[in-house]
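Lettering of chains follows the sequences in order, A, B, ..., and the numbering in each one begins at 1. Keep in mind the model is a prediction, meaning the values are calculated, not measured.
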There are 2 protein chains.
Amino acid sequence: MATGRNHRPATRSRGIPEATVARLPLYLRALTALSERSVPTVSSEELASAAGVNSAKLRKDFSYLGSYGTRGVGYDVEYLVYQISRELGLTQDWPVVIVGIGNLGAALANYGGFASRGFRVAALIDADPALAGRQVAGIGVRHVDELESIIETNGVSIGVITTPGGAAQQVCDRLVAAGVTSILNFAPTVLTVPDGVDVRKVDLSIELQILAFHEQRKAAESLTQDVPEPLAPGAAAPAPGRDQGPDGDIPAVMPA
Amino acid sequence: MATGRNHRPATRSRGIPEATVARLPLYLRALTALSERSVPTVSSEELASAAGVNSAKLRKDFSYLGSYGTRGVGYDVEYLVYQISRELGLTQDWPVVIVGIGNLGAALANYGGFASRGFRVAALIDADPALAGRQVAGIGVRHVDELESIIETNGVSIGVITTPGGAAQQVCDRLVAAGVTSILNFAPTVLTVPDGVDVRKVDLSIELQILAFHEQRKAAESLTQDVPEPLAPGAAAPAPGRDQGPDGDIPAVMPA
DNA sequence: TAGATTGTTAATCGATTAACAATC
DNA sequence: TAGATTGTTAATCGATTAACAATC
């Protein structure tokens with residue numbers, strides 16, 4: 001699942017699995033870093049390591065896009081940056097609106113990672129009349145009364161909701177009615193949307209709760225097996241982990 | 001995947017699958033809402049609907065925790081709140097530190113969903129001496145020089161990184177060296193951690209890129225099949241979606 | 001040609017789902 | 001007893017992984 005279009009198979013038309021789609025941004029970020037260092041080619045092993053996945057998974061993922069590598073050589077960095085960008089739809093401009101300009105909305109408005117990836121903040125919207133007209137991150141805040149006209153004028157199809165939980169569904173309904181078909185939801189609410197609208201949610205408190213679960217397990221384990229099992233002579237020491245949480249799914253970055 | 005302890009099977013000791021763990025916070029939130037409305041019992045069907053999953057999945061998930069329901073009746077709301085809280089480790093207090101007090105760090109510091117779920121912000125930490133001593137969300141900001149002593153004094157085992165990407169690995173190393181074993185990373189960086197340390201990441205730009213991918217697909221589809229297929233007489237209209245993105249994994253909330 | 005590395009296959013594993021027997 | 005709803009089974013599906021033939 002994951003798209004809100006749940007009458008369709010998870011694997012779409014050209015058949016890229018959701019889990020693969022969710023990793024393409026990771027590859028793209030690693031490739032962009034290589035590109036900035038003017039590295040011409042990269043092997044699946046190197047790139048996988050930089051992205052925090054294993055190389056078999058990476059090659060399998062790329063195989064859904066096409067045959068963009070050269071056996072014995074690796075992948076051309078620039079070419080792959082372009083192909084993945086195109087696949088993700090980042091070669092076009094996506095105007096977005098952010099609704100709810102509290103601390104978080106302001107943080108997102110200030111986030112530099114948007115523009116560089118084809119996202120453009122078309123407007124900041126808030127229900128507080130006192131905020132309207134103020135500048136946040138160099139962008140004027142507009143009153144929520146103007147929501148519909150902003151969406152239509154700018155051809156916005158992606159909305160970001162950073163309101164309190166109580167306002168989220170109502171804002172969502174208005175966004176959808178005005179033509180938005182993808183929503184990134186930061187409010188602690190399960191949104192109901194019509195078919196054809198995608199919702200993704202980012203939920204800090206859930207992430208912390210998952211960490212607490214594992215933390216508790218570790219504490220329980222260190223009580224029961226206080227003394228670690230001695231390694232057999234010649235046995236490999238546990239390697240440093242590189243896992244970054246559930247890599248089937250999550251998320252993109254956001255520096256302060 | 002997902003825990004950073006990658007020498008272990010994904011399914012731990014008492015055997016709760018990761019996908020189930022990631023949904024427990026969703027159930028807990030829905031149950032808490034019911035509890036506040038003094039609803040005494042709830043069926044798997046009702047609760048699943050409130051949490052945005054299907055009831056078979058919910059019952060399967062709960063079966064890993066034990067037999068907490070009553071056939072023919074449903075689940076006792078208060079009892080289930082307690083059991084899930086206990087399972088997630090939320091019946092104890094978890095001191096956390098937030099490192100990097102920019103827009104996002106401040107937003108998190110102001111987030112009310114922490115305390116109510118057993119998380120306590122023990123300290124806000126930043127590298128900027130000008131910030132040290134200032135108050136954010138009623139909590140004094142401390143200089144990063146004090147990081148180690150803060151961790152040790154407060155027994156902090158969970159750290160949140162909201163620094164720019166360039167500083168994240170270094171901050172991570174210091175947190176881990178000081179005793180932190182779970183990290184929530186908002187920086188756009190793949191962190192390398194020793195075995196036994198869990199990392200989860202939240203990455204806004206990745207979420208937007210995934211939405212862009214699907215948005216692009218929708219645009220392509222509406223070009224190729226401009227005219228929607230007429231519904232066969234008597235065929236069910238597409239039902240409103242309830243999907244909230246990949247529910248195997250993601251995230252917790254954060255109102256502005 | 002020899003070495004390196006991709007792209008693909010096939011096995012395995014974990015997650016989802018529908019169905020229904022158990023039981024309140 | 002009849003109705004409701006859980007807990008579990010078994011089938012299905014999607015994702016991961018190792019291995020290796022293809023090929024640069």
Return no unless some side-chain N or O of [X] is found under 4.0 Å from OP1 or OP2 of [N].
X       : N      : result
B:Tyr75 : D:dA4  : no
B:Arg23 : C:dT16 : yes
B:Ser44 : D:dT6  : yes

Return yes if some donor-acceptor pair links the side-chain N/O of B:Thr32 with the main-chain N/O of B:Leu28 below 3.5 Å, else return no.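 Yes: the side chain of B:Thr32 pairs with the backbone of B:Leu28.
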Whether the side chain of B:Ser85 engages the backbone of B:Leu90 through a donor-acceptor N/O pair (distance < 3.5 Å, no angle test) should be reported.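 A pair under 3.5 Å: no.
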If you check every side-chain atom of A:Ser63, which of C:dT8, D:dT6, C:dA15 has the closest atom?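 Closest of the options to the side chain of A:Ser63: C:dT8.
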With both distances under 3.5 Å as the test, what is the Watson-Crick or G-U wobble partner of D:dT12?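 Its partner is C:dA15.
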Identified pairing partner of C:dT23, criterion: Watson-Crick or G-U wobble below 3.5 Å: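 Check on C:dT23: paired to D:dA4, both distances under 3.5 Å.
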In whole angstrom, what separates [X]'s [atom1] from [N]'s [atom2]?
X       : N      : atom1 : atom2 : answer
A:Glu46 : C:dT5  : CD    : P     : 8 Å
A:Arg71 : C:dT1  : CZ    : P     : 19 Å
B:Tyr68 : C:dT23 : OH    : C1'   : 19 Å
A:Arg59 : D:dC20 : CZ    : C1'   : 10 Å
A:Glu45 : C:dT5  : CD    : P     : 9 Å
A:Glu18 : D:dC13 : CD    : P     : 18 Å
A:Asp76 : D:dC24 : CG    : P     : 16 Å
A:Lys60 : C:dA11 : NZ    : C1'   : 12 Å

Pairing of B:Glu87 and A:Arg217 as salt bridge, 4.0 angstrom limit: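 Here B:Glu87 pairs with A:Arg217 in a salt bridge, since their nearest N and O are under 4.0 Å apart.
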B:Ser49 and B:Glu45: side-chain donor and acceptor closer than 3.5 Å?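 No, B:Glu45 and B:Ser49 have no side-chain donor paired with an acceptor closer than 3.5 Å.
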Using the rule ring pair (Phe, Tyr, Trp, His ring centres under 6.0 Å), only one of B:Tyr68, B:Phe62, B:Tyr82, B:Tyr27 pairs with B:Tyr75; which is it?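 Running ring pair (Phe, Tyr, Trp, His ring centres under 6.0 Å) over B:Tyr68, B:Phe62, B:Tyr82, B:Tyr27 with B:Tyr75 returns exactly one hit, B:Phe62.
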